[in-house]
**Student:** 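Handing you a structure now.
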Amino acid sequence: MYVAVKGGERAIENAHRLLASARRGDQSVPEISLDQISEQLGLAVDRVMSEGSLYDRELAALAIKQARGDLIEAIFLVRAFRATLPRFGASEPVETGAMRVQRRVSSTFKDIPGGQILGPTFDYTHRLLDPSLAEGFVPEQPATADASTAPTPRVTDILGRDGLIESSPQAEEGASVGDLTREPLNFPADRDLRLQNLARGDEGFLLAMGYSTQRGYGRNHPFAGEIRFGEVEVEFLAEDVGFAVPLGSIELTECQMVNQFKGSATEAPCFTRGYGLAFGQSERKTMSMALVDRALRARELGEEALAPAQDEEFVMSHSDNVQATGFVEHLKLPHYVDFQSELGLLRKLRKEFTDANAPDAMKEAAE
Amino acid sequence: MAVLAHAEAGEIAARLRVLALPAHQDLRAPENGLVMLRGRVGGDGAPFNLGEATVSRAAVRLASGEVGFGYTLGRDGEKARLIALCDALVQSRDFGGAVERDVIAPLREQLMVRRKQAAAETAATKVDFYTMVRGEG
């Protein structure tokens with residue numbers, strides 16, 4: 001229990017003034033602009049949009065600035081902002097097969113239609129600090145080549161044609177799409193709710209959970225069937241217009257994990273799948289998400305579910321970093337009354353202990 | 001109209017400036033809100049809610065009666081209003097051709113140039129595999 005305590009108003013006000021000053025830092029150093037954050041710290045912006053569950057680069061950049069680069073604090077700010085706007089509705093599902101691909105790699109097939117496209121990636125860099133970036137760095141113009149107009153079908157679609165991989169579950173007619181921002185979470189949760197939860201889940205948490213499956217806690221033998229990053233168009237069925245209107249495009253990363261087989265007496269064995277999708281260029285996040293999505297399908301696939309990553313209540317209840325930080329950090333709020341009662345109890349127990357042991361101690365001393 | 005959603009408000013306004021616009025009024029003042037973006041399980045399965053996006057919308061009516069709607073990602077109400085205005089103009093017999101020719105076509109051209117450049121930069125990072133034959137080199 002924590003109780004309202006009066007008397008801290010001035011201290012709080014002054015603390016916030018001090019925070020504003022600390023946020024700005026040395027004023028002889030130029031102030032950072034939202035454009036600079038959006039353009040030069042783009043992957044931080046992507047993460048705040050994904051886990052803040054709100055696609056708006058400018059707001060995410062503002063949140064990062066306001067939070068002094070504390071991304072979980074920034075995610076918290078973005079989540080709070082989204083509660084201030086009305087919701088117009090839901091978009092048509094995005095078509096990731098029609099993505100304008102900026103990066104697309106497969107670790108399962110070398111020669112995929114459309115090719116392996118590396119795009120802007122940290123892969124194959126040597127991870128050596130580059131002193132030339134310290135100031136005044138001007139990059140070379142990117143190289144160009146003739147772009148092919150060949151389609152880039154999803155690797156899972158190619159495997160699917162031969163029946164080598166399970167097909168994606170289709171929606172039942174008239175089924176509504178679960179939304180955990182509107183209804184409280186109940187278990188067992190369907191795949192739509194699980195994916196929504198993972199999509200806004202903490203990258204570090206999902207990374208650790210995904211890693212745990214690789215290390216043997218719910219092993220599911222994954223291959224990165226495909227990872228793609230690029231732009232997709234968004235359409236929205238506007239009721240006043242009467243048809244789907246284009247809203248523009250967003251950047252997404254998609255990961256298709258291809259996992260070990262299932263089969264039965266009536267069904268031929270085939271690969272199973274795990275899926276990851278997130279705003280912006282979020283490769284680690286979507287790969288982790290796909291591993292955990294697959295692990296959470298243990299029950300459905302008739303696997304033994306003994307590992308943490310296979311326990312949907314455990315995963316879904318602890319993946320949200322805003323909830324988690326709220327509960328962990330509330331420990332620093334005044335708990336004076338709670339603590340006083342614990343202190344009283346402890347004193348009583350200690351007195352009982354002393355009284356109970358005192359005669360023995362006297363006896364021993366006498367002998 | 002998809003072209004307009006990809007343009008900046010300033011670019012649309014600049015293109016519209018060359019036209020002698022007919023009288024028009026806001027049927028719905030620009031309003032910001034959210035749209036829940038949806039993906040599909042496995043990319044091609046049942047839909048799920050991925051996360052929201054900010055969206056601005058507006059509606060404009062020409063004096064001649066045509067009603068246009070404007071929707072765009074982001075929080076730029078003026079852009080939504082300009083898209084709504086273009087949507088109304090496109091439906092008008094007097095302005096439809098001019099809006100297509102002087103506003104939408106050049107913005108489409110600009111968008112295509114941008115996309116072509118991005119596609120060419122991406123294409124340069126495509127891997128050309130070759131096989132090393134044992135015993136060579």
Side-chain angles (χ1 to χ4, degrees), chain A residues 50 53-56 59 82 85-94 96-97 100-102 110-111 115-119 142-148 154 156-157 168-171 177-179 191-192 195-196 199-200 233-234 236 238 240-241 245-250 254 256 273 275 277 279, chain B residues 1-7 27-28 31-59 67-76 79-80 83-84 87 111 115-129 131:
Chain A
S50 268
S53 207
L54 183 66
Y55 198 98
D56 187 315
L59 284 178
R82 66 160 279 284
L85 289 177
R87 190 189 284 179
F88 295 158
S91 79
E92 300 295 299
V94 293
T96 54
R100 279 187 298 282
V101 165
Q102 292 173 50
K110 180 165 66 71
D111 299 306
Q116 307 264 0
I117 298 161
L118 302 182
T144 57
D146 286 338
S148 116
R154 285 183 288 252
T156 43
D157 296 349
S168 300
Q170 299 301 313
V177 183
D179 186 352
R191 187 118 178 249
D192 53 352
L195 286 171
Q196 183 183 12
R200 54 200 260 134
E233 297 297 313
V234 181
F236 172 61
D240 48 2
V241 185
V245 294
L247 293 182
S249 55
I250 58 168
E254 179 184 61
Q256 304 270 5
R273 308 164 66 155
Y275 187 66
L277 187 68
F279 293 154
Chain B
M1 298 304 286
V3 169
L4 299 177
H6 287 96
L27 191 61
R28 176 159 64 201
E31 177 192 14
N32 291 341
L34 302 169
V35 163
M36 177 55 92
L37 302 176
R38 286 188 171 157
R40 288 186 180 280
V41 178
D44 58 355
F48 70 94
N49 289 315
L50 175 64
E52 287 163 309
T54 51
V55 167
S56 196
R57 69 178 175 190
V67 171
F69 295 96
Y71 278 83
T72 180
L73 287 172
R75 287 164 293 118
D76 188 345
K79 178 175 164 186
I83 293 175
D87 184 40
L111 179 64
R115 283 191 181 162
K116 215 174 147 198
Q117 175 66 24
E121 290 172 5
T122 298
T125 69
K126 186 164 153 180
V127 180
D128 280 322
F129 286 106
T131 309

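Chain A is the first sequence line, chain B the second, and so forth, proteins listed ahead of strands; every chain is numbered from 1.
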**Student:** Tell me, out of A:I250, A:L195, A:V101, A:D240, who's got the most heavy-atom pairs with chain B below 4.5 Å.
**Tutor:**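 Greatest number of close heavy-atom pairs with chain B: A:D240.
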**Student:** Using non-hydrogen atoms only, which part of A:R82 is less than 4.5 Å away from chain B: side chain, backbone, both, or neither?
**Tutor:** both
**Student:** I'd like to verify something: which residue of A:T96, A:V94, A:D146, A:T156 has the highest number of heavy-atom pairs under 4.5 Å with chain B?
**Tutor:**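 Most heavy-atom pairs under 4.5 Å with chain B: A:V94.
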**Student:** Is there a side-chain contact between A:Y55 and B:L37, using heavy atoms and a 4.5 Å cut-off?
**Tutor:**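 Side chain of A:Y55 against side chain of B:L37, heavy atoms only: contact under 4.5 Å found.
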**Student:** How far apart are the closest heavy atoms of B:G70 and B:A84, and which atoms are they?
**Tutor:** N-CB, 3.4 Å
**Student:** Non-hydrogen atoms of chain B under 4.5 Å away: do they reach the side chain of A:R273, the backbone, both or neither?
**Tutor:**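 For A:R273, side-chain heavy atoms alone lie under 4.5 Å from chain B.
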**Student:** Within the structure provided, determine whether A:L54 and A:F279 are in side-chain contact (heavy-atom separation under 4.5 Å).
**Tutor:**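 No, side chains not in contact.
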**Student:** Chain A: which of B:G39, B:G74, B:A59, B:A53 shares the most heavy-atom pairs with it under 4.5 Å?
**Tutor:** B:A53
**Student:** Heavy-atom cut-off 4.5 Å, strictly under: side chain, backbone, both or neither for A:F88 against chain B?
**Tutor:**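 Both backbone and side chain.
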**Student:** Of the backbone (N, CA, C, O) and the side chain (C-beta and beyond), which part of A:V245 lies under 4.5 Å from a heavy atom of chain B, both, or neither?
**Tutor:** side chain
**Student:** Could you have a look at B:A124, B:A120, B:A2, B:A123 and say which one has the most heavy-atom pairs with chain A under 4.5 angstrom?
**Tutor:** B:A120
**Student:** Donor-acceptor pair, distance only, cut-off 3.5 Å: does the side chain of B:T122 make one with the backbone of A:G119?
**Tutor:** no
**Student:** Judged by modelled atom types alone, do A:S168 and B:R40 share a side-chain donor-acceptor pair under 3.5 Å?
**Tutor:** no
**Student:** Pick one of side chain, backbone, both or neither for A:Y275, based on which atoms fall under 4.5 Å of a heavy atom in chain B.
**Tutor:** side chain
**Student:** Do B:T54 and B:L34 come within less than 4.5 Å of each other through their side chains, counting heavy atoms only?
**Tutor:** yes
**Student:** With heavy-atom distances below 4.5 Å as the criterion, would you say the side chains of A:T144 and B:Q117 are in contact?
**Tutor:**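 A:T144 vs B:Q117: side chains touch.
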**Student:** Can you tell which of B:N49, B:D128, B:V67 has the highest number of heavy-atom pairs within less than 4.5 Å of chain A?
**Tutor:**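 Of B:N49, B:D128, B:V67, B:N49 has the most heavy-atom pairs under 4.5 Å with chain A.
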**Student:** Do you know which of A:D192, A:V177, A:L277 has the most heavy-atom pairs under 4.5 Å to chain B?
**Tutor:**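 Among A:D192, A:V177, A:L277, the one with the most close pairs to chain B is A:V177.
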**Student:** Using heavy-atom distances under 4.5 Å, tell me whether A:Q116 contacts chain B through its side chain, its backbone, both, or neither.
**Tutor:** both
**Student:** Looking at A:A90, A:A147, A:S50, A:A171, which has the largest count of heavy-atom pairs under 4.5 Å with chain B?
**Tutor:** A:A90
**Student:** Looking at A:S249, A:A199, A:G115, which one has more heavy-atom pairs under 4.5 Å with chain B than the rest?
**Tutor:** A:S249
**Student:** Among B:G51, B:A46, B:A5, which residue forms the greatest number of heavy-atom pairs with chain A at distances under 4.5 Å?
**Tutor:** B:A46
**Student:** How close do B:R38 and B:P47 get, heavy atom to heavy atom, and via which atoms?
**Tutor:**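 In terms of heavy atoms, the two residues are closest at CD-CB, 4.4 Å.
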**Student:** Tell me which of these, B:K116, B:K126, B:M36, has more heavy-atom pairs under 4.5 Å with chain A than the rest.
**Tutor:**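 Answer, by heavy-atom pair count under 4.5 Å with chain A: B:M36.
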**Student:** Side chains of A:R100 and A:E233, heavy atoms from C-beta outward: is any pair under 4.5 Å?
**Tutor:** yes
**Student:** Using heavy-atom distances under 4.5 Å, tell me whether A:E254 contacts chain B through its side chain, its backbone, both, or neither.
**Tutor:** side chain
**Student:** Are A:V234 and B:Y71 close enough that some pair of their side-chain heavy atoms sits under 4.5 Å apart?
**Tutor:**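 A:V234 vs B:Y71: side chains apart.
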**Student:** Most heavy-atom pairs under 4.5 angstrom with chain A, which of B:L4, B:V55, B:V3?
**Tutor:** B:V55
**Student:** Do B:T72 and B:S56 come within less than 4.5 Å of each other through their side chains, counting heavy atoms only?
**Tutor:** yes
